Amino acid sequence: MTAASRPDVLLRAAGIGAAAGVLGAAGMVVGEKAEQALTRRPNSYVPGRALLTLLGRHPGDDERPRGWNSVMHYGTGAALGALRGVWAVTGIRGGSANAWHTVVRLAFDQTVENATGAGAPPASWPAQELTVDVLHKAVYSVLTGALADRLLAPVLTSGRGRTSH
């Protein structure tokens with residue numbers, strides 16, 4: 001039996017990471033629903049509207065595309081979970097990786113939402129909305145990272161490139 005090739009290991013890690021990302025997204029939903037029950041904050045339909053815009057539709061601000069919201073939510077969870085899986089197998093792991101992953105998740109969401117015109121720049125949000133969004137994305141990243149790090153050994157960690165030469 002031969003060892004798996006680097007591309008095979010990366011592809012497997014991406015798949016496992018995607019599954020971890022879906023579970024992380026599910027955990028984020030549980031946290032969001034608990035927070036909304038306490039704060040009475042309504043659902044946001046911006047993710048679903050952004051996805052519909054990407055698909056060529058032009059939803060109004062009054063549309064509440066629940067199904068599309070879920071597709072965007074779990075699709076983004078899987079896509080960015082795949083990234084986290086690749087990170088785990090290449091040695092980008094633990095708390096610092098989770099913090100970076102939170103930033104990636106926030107940046108991805110804001111890029112899509114603002115590029116489509118479905119969202120507003122976070123600097124224009126009320127502080128409480130921004131805090132809640134960051135916390136929920138951190139929950140996603142910590143859950144996704146914990147699963148990816150548990151399921152994937154850092155078998156492709158490299159010692160190259162540690163210095164700028």
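These figures come from a predicted structure and were not determined experimentally.
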Nearest-0.5 Å distance, CG of residue Leu135 to CD of residue Glu32: 11.0 Å
Between Tyr140 and Trp87, is there shared hydrophobic-cluster membership here, with clusters defined by ILVMFWY side-chain heavy atoms closer than 4.5 Å? yes
Is there a side-chain contact between Asp109 and Pro47, using heavy atoms and a 4.5 Å cut-off? no
Mind listing the closest non-hydrogen atom pair of Ala13 and Val89 along with its distance? CB-CG1, 3.6 Å
Should Met72 and Leu23 be regarded as members of a common hydrophobic cluster, given that ILVMFWY residues are connected when their side-chain heavy atoms come within less than 4.5 Å of each other, either directly or indirectly? no
Determine, using the 4.5 Å side-chain heavy-atom cutoff (strictly less than), whether Leu55 and Val112 are members of one ILVMFWY cluster. yes
Chi angles and distances behind the side-chain contact (heavy atoms from CB on, under 4.5 Å) call for Leu10, Thr90: CA-CA 9 Å; Leu10 291 170; Thr90 59; 4.0 Å; yes
If we ignore hydrogens and angles and just use 3.5 Å, is the side chain of Arg84 paired with the main-chain N or O of Gly21 as donor and acceptor? no
Please check: side-chain N/O of His101 versus main-chain N/O of Leu80, any donor-acceptor pairing under 3.5 Å? yes
Is a side-chain donor or acceptor of His73 paired with a backbone partner of Ala25 at a separation under 3.5 angstrom? yes
How many angstroms lie between OG in Ser124 and CD in Glu129, if you round to the nearest 0.5 Å? 11.0 Å
State plainly whether one hydrophobic cluster holds both Ile92 and Val9, where clusters connect Ile, Leu, Val, Met, Phe, Trp and Tyr through side-chain heavy atoms under 4.5 angstrom apart. no
Does any non-hydrogen side-chain atom of Met28 lie less than 4.5 Å from one of Leu143? no
Considering all heavy atoms of both residues, which atom of Pro42 and which atom of Gln36 are nearest to each other, and what is their separation? O-NE2, 3.2 Å
Between Glu113 (side chain only) and Gln110 (backbone N and O only), is there a donor and an acceptor less than 3.5 Å apart? no
Does the side-chain contact (heavy atoms from CB on, under 4.5 Å) test come out yes or no for Asn43 and Lys33, once each step is laid out? CA-CA 9 Å; Asn43 287 331; Lys33 294 306 173 192; 2.7 Å; yes
Roughly how far, to the nearest 0.5 Å, is CZ of Arg93 from OG1 of Thr157? 7.5 Å
Scanning both residues in full, the closest heavy-atom pair of Val46 with Ala118 reads CG1-O, 3.4 Å
Residues which pass side chain to side chain contact (heavy atoms under 4.5 Å, CB included) with Leu151, listed by chain and number, not counting sequence neighbours: Ile16
How close do Leu147 and Ala20 get, heavy atom to heavy atom, and via which atoms? CB-CB, 3.7 Å
Heavy-atom closest pair, residues Thr102 and Ala138: OG1-CA, 3.5 Å
Using modelled atom types and a 3.5 Å cut-off, is there a donor and acceptor pairing between side-chain atoms of Arg57 and backbone atoms of Leu52? no
Starting from Val103, can I reach Val134 by hopping between I/L/V/M/F/W/Y residues whose side chains sit under 4.5 Å apart? no
Indicate the atoms forming the closest heavy-atom contact of Pro121 with Asn114, along with that distance. N-OD1, 3.1 Å
Who passes salt bridge (Lys or Arg N to Asp or Glu O under 4.0 Å) against Arg41, sequence neighbours left out? Glu35
What's the separation between atom CH2 in Trp68 and atom CG in Leu54, rounded to the nearest 0.5 Å? 11.0 Å
side-chain hydrogen bond (donor to acceptor under 3.5 Å, both in side chains) filter on Ser5, not counting sequence neighbours, yields Asp8
Using modelled atom types only, decide if a donor and an acceptor are shared between the side chain of Arg64 and the backbone of Tyr45 within a distance under 3.5 Å. no
